[in-house]
K.L.:
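Just dropping this structure here.
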Amino acid sequence: MINTGAASPSNFIRNIIREDVVNGKNHGRVRMRFPPEPNGYLHIGHAKAICLNFGLADEFGGTCNLRFDDTNPLKEGEEYIKAIKEDVRWLGFDWEGREYYASDYFDQLYAWAVQLIKDGKAYVDSLSPEEIRQYRGTLTERGKESPYRDRPVEENLRLFEAMRDGDFEDGACVLRAKIDMASGNLNMRDPVIYRVLHVRHHRTGDAWCIYPMYDFTHGQSDSIEGITHSVCTLEFEDHRPLYDWFIEQLGIHHPQQIEFARLNLTYTVMSKRKLMRLVDEGYVSGWDDPRLPTISGLRRRGYTPESIRDFCDRIGVAKKESMVDVALLEHCLREDLNKRAPRVMGVLRPLKVVIENYPEDQVEELDAINNPEDPSMGTRKVPFSRVLYIEQDDFLESPPKKFYRLAPGREVRLRYAYFIKCVDVVKDAKTGKVIELLCTYDPMTKGGDSHDGRKVKATLHWVSAVGSLRAEVRLYDRLFSRANPEESKDGTDFIAHLNPDSLDIMSSCRVESTLEGAVPGSHYQFERLGYFCVDTKDSSEEGLVFNRTVSLRDTWGKIKEAETRSKG
RNA sequence: UGGGGUGUCGUCAAGUGGUUAAGACACGGGUUUUUGGAGCCCGCAUUCGGAGGUUCGAAUCCUCCCACCCCAGCCA
């Protein structure tokens with residue numbers, strides 16, 4: 001178990017638990033659990049819940065179980081279990097072998113259902129699904145009792161057994177709790193607790209053809225595991241009275257349920273249904289597409305577990321439904337990577353530069369610092385030669401006032417190399433586009449230091465033509481063009497707000513040769529551009545592929561943007 | 001009078017009768033700089049959804065009102 005460390009801000013759940021511990025409730029013990037349904041991949045919203053549950057357990061010297069709520073074999077599967085475990089582990093949490101499944105409790109749940117029947121608290125209903133819906137009433141009108149509600153206990157027992165033995169088709173009947181059809185809380189209007197489902201379960205196989213509903217499973221599973229604080233999201237607030245009712249009828253340990261608001265992030269979607277659709281309909285390349293807020297997507301994008309945990313600590317926990325600015329997530333990432341990522345130079349859109357006064361066949365090895373934030377990371381040698389590449393964005397033939405990079409007649413510094421001055425440009429005869437720069441260098445400025453106090457306004461990153469590698473770089477941007485893609489006044493599908501420029505593949509980039517053999521998944525800062533990582537799926541010895549994790553803060557970009565905006 | 005929730009800065013979020021109403025992100029300005037990066041400094045809610053009331057004193061207590069979210073799966 002990792003200790004998320006530094007004083008996280010206080011939140012109401014921690015306050016409740018602290019109070020309980022102080023008062024000796026549950027003998028001062030804290031038992032938490034993270035209970036995903038294995039029917040999809042985990043996303044950053046789950047990370048919030050994971051950090052909360054494991055973090056609180058850790059803080060109060062308690063434990064946190066990983067429990068799969070696998071009560072619906074129609075939608076669940078092994079693939080998801082595997083992915084979920086990998087994600088939780090990657091985030092840095094350890095369930096210390098306490099890996100449980102609601103399906104482990106099927107026998108106990110069945111026995112409890114029988115107990116309820118015997119106590120006259122549950123009955124087998126033979127109404128059709130449609131009829132059950134009609135009998136339930138509406139939000140403002142009370143429901144009607146089923147004609148089967150008063151079947152004798154013996155008959156209920158016999159029928160429930162027959163359900164279990166496979167005597168009924170799917171949907172023919174259900175077991176319902178006998179509570180109150182007039183309740184203002186729909187969950188209390190005789191909720192279905194068992195249904196017939198002739199489906200093979202990924203763990204129990206064909207042992208069962210009836211499966212308990214989530215509502216009849218979740219609370220009792222927590223109870224069985226001795227959970228003290230059962231933390232879940234807001235939409236289950238209405239279910240709490242029902243869970244309490246089961247616990248009370250059964251006379252078993254009563255976990256305390258506490259609800260908090262789920263995480264929403266700007267410029268993305270978080271519901272499993274929507275993520276599933278993006279994957280299934282091919283809008284993204286898979287659950288681990290780097291544009292997705294899934295844990296696997298963030299991982300592939302280059303996010304670190306540390307940055308995600310830091311983010312989860314900073315967003316807080318409350319009951320107010322909120323939308324967190326993705327800029328905060330990016331801030332946490334930059335802060336982490338700034339300290340750890342080695343610096344390297346790479347040119348995304350190469351513009352050829354010829355240093356006319358530099359010897360034809362000479363190649364110099366220049367010293368470059370691996371990370372100015374951390375001297376212990378040392379230095380490396382980068383080759384410099386007569387033909388170089390710089391970024392196309394770093395040259396403008398007629399620069400606006402605030403642009404202080406290279407331009408005709410202007411001098412700039414090449415990082416760790418020399419001052420160079422642009423003396424001429426070569427243009428494509430047909431298009432008129434600048435395709436090459438003719439420059440001179442000042443040998444006295446080796447290493448980048450001016451020898452005469454001469455100042456230069458910009459430092460550019462560059463790469464030597466001879467000592468550099470070709471690479472593909474995938475520039476990722478937000479998946480949606482709207483802060484809240486769900487927000488559609490009427491009927492507009494969230495798909496309509498997909499950002500058409502969320503992926504930009506740069507295929508003729510050049511990176512410095514130190515990147516040869518770079519390890520998949522490793523992080524780098526491409527100086528002046530941003531943080532990038534070696535793609536874990538598509539990068540290889542023959543073809544390096546980098547993903548842009550996040551750009552550096554871009555002051556010039558903002559100036560440009562502000563100016564185009566003011567010009568109208 | 002269906003039930004359950006929530007409203008504190010652009011976005012999160014502390015605060016639970018006496019604070020100049022924390023902090024973070026964002027934003028703006030300055031400083032520094034061989035990354036227009038990073039760092040550092042400064043600014044950023046006379047006010048807590050609204051209106052009344054209680055009190056020496058209210059974001060915190062009371063009353064009424066308003067806005068928004070969730071619930072009618074044999075999904076979770």
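If you're wondering where the values come from, they're calculated on a predicted model, not measured in any experiment. Residue numbers begin at 1 in each chain, while the letters A, B, ... track the order of the sequences. Every heavy atom of this structure was used, including side-chain atoms; hydrogens, water molecules and symmetry mates were not.
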K.L.:
Going by purine N1 to pyrimidine N3 plus the second Watson-Crick contact, or the G-U wobble pair, all under 3.5 Å, which nucleotide sits opposite B:A76?
P.N.:
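The answer is none; no pair meets the criterion.
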K.L.:
Which nucleotide sits closest to the side chain of A:Arg528: B:C12, B:G36, B:C75?
P.N.:
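The listed nucleotide nearest to A:Arg528's side chain is B:G36.
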K.L.:
Counting any heavy atom closer than 4.0 Å, what does A:Ile559 reach on the DNA or RNA strands: base, sugar-phosphate only, or nothing?
P.N.:
base
K.L.:
Classify the nucleic acid contact of A:Gln525 as base, sugar-phosphate or nothing, counting any heavy atom under 4.0 Å across all strands shown.
P.N.:
base
K.L.:
For B:U54, give the paired nucleotide (Watson-Crick: N1-N3 plus N6-O4 or O6-N4; G-U: N1-O2 and O6-N3; both under 3.5 Å), or none.
P.N.:
none
K.L.:
Side chain of A:Asp69: nearest nucleotide among B:A76, B:G15, B:G4?
P.N.:
B:A76
K.L.:
Tell me what A:Leu460 touches on the nucleic acid: a base, only sugar-phosphate, or nothing, going by heavy atoms under 4.0 Å.
P.N.:
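Touches nothing.
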K.L.:
Under 3.5 Å for both donor-acceptor distances, Watson-Crick or wobble: does B:A26 have a partner, and if so which one?
P.N.:
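None - no nucleotide pairs with B:A26, as no candidate has both distances under 3.5 Å.
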K.L.:
Using purine N1 to pyrimidine N3 plus N6-O4 or O6-N4 for Watson-Crick, or N1-O2 and O6-N3 for G-U wobble, both under 3.5 Å, which nucleotide pairs with B:U35?
P.N.:
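Base partner found: none.
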K.L.:
Any N or O donor-acceptor pair linking the side chain of A:Glu235 to the base of B:G4 at under 3.5 Å?
P.N.:
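Result: no qualifying N/O pair found.
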K.L.:
If only side-chain N and O atoms count, and only distance matters, is there a donor-acceptor pair under 3.5 Å linking A:Asp69 with A:Tyr101?
P.N.:
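No pair is found: no donor N or O on one side chain lies under 3.5 Å from an acceptor on the other.
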K.L.:
Where each residue is assigned the nucleotide of RNA chain B containing its nearest heavy atom, which of A:Glu141 and A:Asp215 is assigned the position nearer the 5′ end?
P.N.:
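Going by which nucleotide is closer to the 5' end, it is A:Glu141.
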K.L.:
Base, sugar-phosphate, or nothing for A:Lys558, non-hydrogen atoms under 4.0 angstrom?
P.N.:
sugar-phosphate
K.L.:
Under 4.0 Å between any heavy atoms, over every strand shown, what does A:Glu37 touch: base, sugar-phosphate, or nothing? Just pick one.
P.N.:
sugar-phosphate
K.L.:
So, does the side chain of A:Arg405 form a donor-acceptor pair with the base of B:G36 at under 3.5 Å?
P.N.:
yes
K.L.:
For the C1' atoms, the ones on B:G7 and on B:A59, what distance do you get once it is rounded to whole angstrom?
P.N.:
12 Å
K.L.:
What nucleic acid atoms does A:Arg415 come within less than 4.0 Å of, heavy atoms only: base, sugar-phosphate, or nothing?
P.N.:
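Base: the residue A:Arg415, judged by heavy atoms under 4.0 Å, touches a nucleobase.
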K.L.:
What does A:Arg413 touch in the nucleic acid at a heavy-atom separation under 4.0 angstrom: a base, only the sugar-phosphate, or nothing?
P.N.:
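Here A:Arg413 touches the bases of the nucleic acid.
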K.L.:
Over how many whole Å does the gap from A:Glu335 atom CD to B:G39 atom P extend?
P.N.:
7 Å
K.L.:
Let's see if you can work this out: which of B:U6, B:C69, B:A72 has an atom nearest to the side-chain heavy atoms of A:Arg133?
P.N.:
B:A72
K.L.:
The side chain of A:Glu373 lies closest to which of these nucleotides: B:G37, B:U35, B:G3?
P.N.:
B:G37
K.L.:
May I ask you to check whether A:Phe526 and A:Phe546 place their ring centres under 6.0 Å from each other?
P.N.:
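A:Phe546 vs A:Phe526: aromatic centres under 6.0 Å.
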K.L.:
On RNA chain B, compare the nucleotides closest to A:Arg343 and A:Asp125; which residue's is nearer the 5' end?
P.N.:
A:Arg343
K.L.:
Report which part of the nucleic acid A:Val196 touches: base, sugar-phosphate, or nothing (heavy-atom distance under 4.0 Å, all strands).
P.N.:
nothing
K.L.:
Searching all strands shown, indicate the nucleotide that pairs with B:G7 (Watson-Crick or G-U wobble; both distances under 3.5 Å).
P.N.:
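B:C66 - that is the nucleotide pairing with B:G7, both distances being under 3.5 Å.
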K.L.:
Measure centre to centre between the rings of A:Phe68 and A:Tyr80, then say whether the value is under 6.0 Å.
P.N.:
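Centroid distance A:Phe68-A:Tyr80: not below 6.0 Å, so no.
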K.L.:
Measuring from the side chain of A:Ala318 (C-beta onward, heavy atoms only), which nucleotide among B:C25, B:C74, B:A13 has the closest atom?
P.N.:
B:A13
K.L.:
Of the nucleotides B:G37, B:A76, B:G5, which one has an atom closest to the side chain of A:His239?
P.N.:
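For A:His239, the side-chain atoms sit closest to B:A76.
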K.L.:
Which of these passes salt bridge (Lys or Arg N to Asp or Glu O under 4.0 Å) with A:Asp394: A:Arg349, A:Arg405, A:Arg413?
P.N.:
A:Arg405
K.L.:
At under 4.0 Å, does any side-chain N or O of A:His331 touch on OP1 or OP2 of B:C25?
P.N.:
yes
K.L.:
Scan A:Ile315 against the nucleic acid and name what it touches under 4.0 Å (heavy atoms): base, sugar-phosphate only, or nothing.
P.N.:
sugar-phosphate
K.L.:
Across the strands shown, which category fits A:Leu127 at heavy-atom distances under 4.0 angstrom: base, sugar-phosphate, nothing?
P.N.:
base
K.L.:
In whole Å, measure the gap between the P atoms of B:A24 and B:U54 for me.
P.N.:
39 Å
K.L.:
Under a 3.5 Å cut-off for both contacts, is B:A14 paired Watson-Crick or G-U wobble with anything, and if yes, with which nucleotide?
P.N.:
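By the stated definition (distances under 3.5 Å), nothing pairs with B:A14.
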K.L.:
Under 3.5 Å, is there a donor on one side chain and an acceptor on the other for A:Glu330 and A:Tyr303?
P.N.:
no
K.L.:
Over all strands shown, is A:Asn11 touching base, sugar-phosphate only, or nothing at heavy-atom distances under 4.0 angstrom?
P.N.:
sugar-phosphate
K.L.:
Within the 3.5 Å criterion, strictly below it, is a donor on A:Glu364 or A:Tyr418 matched to an acceptor on the partner's side chain?
P.N.:
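Judged by distance alone, the side chains do pair up.
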K.L.:
Across the strands shown, which category fits A:Asp374 at heavy-atom distances under 4.0 angstrom: base, sugar-phosphate, nothing?
P.N.:
nothing
K.L.:
Could a donor-acceptor pair under 3.5 angstrom be found where the side chain of A:Asn185 meets the base of B:G4?
P.N.:
no
K.L.:
Kindly say whether the aromatic ring centers of A:Phe216 and A:Phe246 come within a distance under 6.0 Å.
P.N.:
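Yes - the distance between ring centres of A:Phe216 and A:Phe246 falls below the 6.0 Å cut-off.
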